[in-house]
Amino acid sequence: MKRNSDNIVTIDGPSGVGKSTVARRVAELLGFSFLETGAMYRAVALKVEEAGVDPSDTASLTRLLSETTVGFDAAGRVLLDGRNASELIRTEQISSLSSELAELGEVREFLIAIQRKIGEGGNIVAEGRDMGTYVFPRAKHKFYLDATVAERAKRRFHQSGQEDTSLLDVESELQRRDRRDTLRAENPLHPASDAVIMDTTHMSAEEVVSAIALRAKDISLIPN
Ligand code: DC
């Protein structure tokens, strides 16, 4: 039986490949909502940082999560306990802490339950690391974007505009996050067996968007 929750496009891939930009544009084209799950891990990291909780203290972390809400407003801004956190989550410190927290089963379970709830009505483009493999295994269209680490570092570097970091620093940080994302025990990053794998090294964001839109053209908004 066809369920509304199958009416989902997933876009997974490593850090810095441009998933958010592409997924946001694809969602606009389809008239779907955009689910940026990386922002949810970052919001939890912000909460952990503000509360001063040690991520290895499982009891305190679990208690903190039970007092936390993560969601999105209508404009797609991430809400942490009801307040807009979309700016505060973009620091290097939060990037690093979110990557550390994403290894923990307690954090993943907490966020995946929210992600599946959001996905119940379908009509979403979901981006992250485990969207097609684990969170929405029945999604109608799955894409896995890849690019060389050198190219991803370039994209990140130009996007961040940070003057105090070098391209080489960005590249080694990406390599560190790649290792964490692919080697972790819980839902590691890898393409779903039924995902379309796209090497975007020599493609512009708009070319990637067009290629996805072309493949997913049979998907359309289900009224709900
Ligand atoms: O995509 P991002 O850089 O904003 O993600 C932040 C961190 O969260 C990153 O280290 C990987 C992790 N993450 C994850 O493990 N699973 C997801 N579905 C999304 C992000």
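Order of appearance sets the numbers: ligands from 1, and atoms from 1 within every ligand. For clarity, every value in this text was computed on a predicted model and none was experimentally measured. Positions are given from 1 along the sequence. Below, each value reflects all heavy atoms present in this structure, side chains not excepted, and no hydrogens, waters or symmetry copies.
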Is the closest basic N to carboxylate O distance between Glu109 and Arg116 below 4.0 Å? no

of all protein heavy atoms, closest to atom 1 (O) of ligand 1 is Arg129 NH1, 2.9 Å

Select one of side chain, backbone, both or neither to describe which atoms of Asn187 lie under 4.0 Å from any atom of ligand 1, heavy atoms only. neither

With atoms numbered from 1 as shown, which atoms in ligand 1 lie under 4.0 angstrom from a non-hydrogen atom of Ser98? 6 (C), 7 (C)

Purely on distance, is any nitrogen or oxygen of Lys19 under 3.5 Å from one on ligand 1? no

Considering non-hydrogen atoms of the protein only, which is the closest contact for atom 12 (C) of ligand 1, and what is the distance? Ala102 CB, 3.7 Å

Non-hydrogen atom of Arg184 closer than 4.0 Å to ligand 1: yes

Under 3.5 Å, N or O to N or O, is Arg156 touching ligand 1 that way? no

Sequence neighbours left out, what passes side chain to side chain donor-acceptor pair (under 3.5 Å) with Tyr41? Give chain and number order. Arg108

Side-chain touch Ile112/Asp130, heavy atoms, less than 4.5 angstrom: yes

Which heavy atom of the protein is the closest neighbour of atom 8 (O) of ligand 1, given with residue, atom name and distance? Tyr41 CB, 3.4 Å

Would you mind telling me if ligand 1 is within reach of the side chain of Arg108, the backbone, both or neither, using heavy atoms under 4.0 Å? side chain

Carboxylate-amine/guanidinium proximity below 4.0 Å for Asp181 and Arg177: no

Which of the numbered atoms in ligand 1 are under 4.0 angstrom from any heavy atom belonging to Thr37? 17 (C), 18 (N), 19 (C)

Side chain or backbone of Met131 under 4.0 Å from ligand 1, or both, or neither, by non-hydrogen atoms? side chain

Could Asp6 and Arg138 be called an ion pair, given the rule that one side-chain N must be under 4.0 Å from one carboxylate O? yes

Within a strict 4.5 Å, meaning less than it, do heavy atoms of the Phe32 and Ile8 side chains meet? no

May I ask whether Arg180 places a heavy atom under 4.0 Å from ligand 1? no

Lys/Arg-Asp/Glu bridge criterion (N-O < 4.0 Å) met for Lys47, Asp81: yes

Specify the protein heavy atom at minimum distance from atom 5 (O) of ligand 1: its residue, its atom name, and the distance to 0.1 Å. Gly38 CA, 3.5 Å

Check: Arg177 N/O within less than 3.5 Å of ligand 1 N/O: yes

Looking only at N/O atoms, are Glu127 and ligand 1 under 3.5 Å apart anywhere? no

Ion pair check, Glu207 and Arg25, cut-off under 4.0 Å: no

shortest atom 4 (O) of ligand 1-to-protein heavy-atom contact is with Arg42 NE, 2.6 Å

The test is side-chain contact (heavy atoms from CB on, under 4.5 Å); show your working for Glu49 and Ile94 and say whether it passes. CA-CA 8 Å; Glu49 188 189 60; Ile94 294 295; 3.7 Å; yes

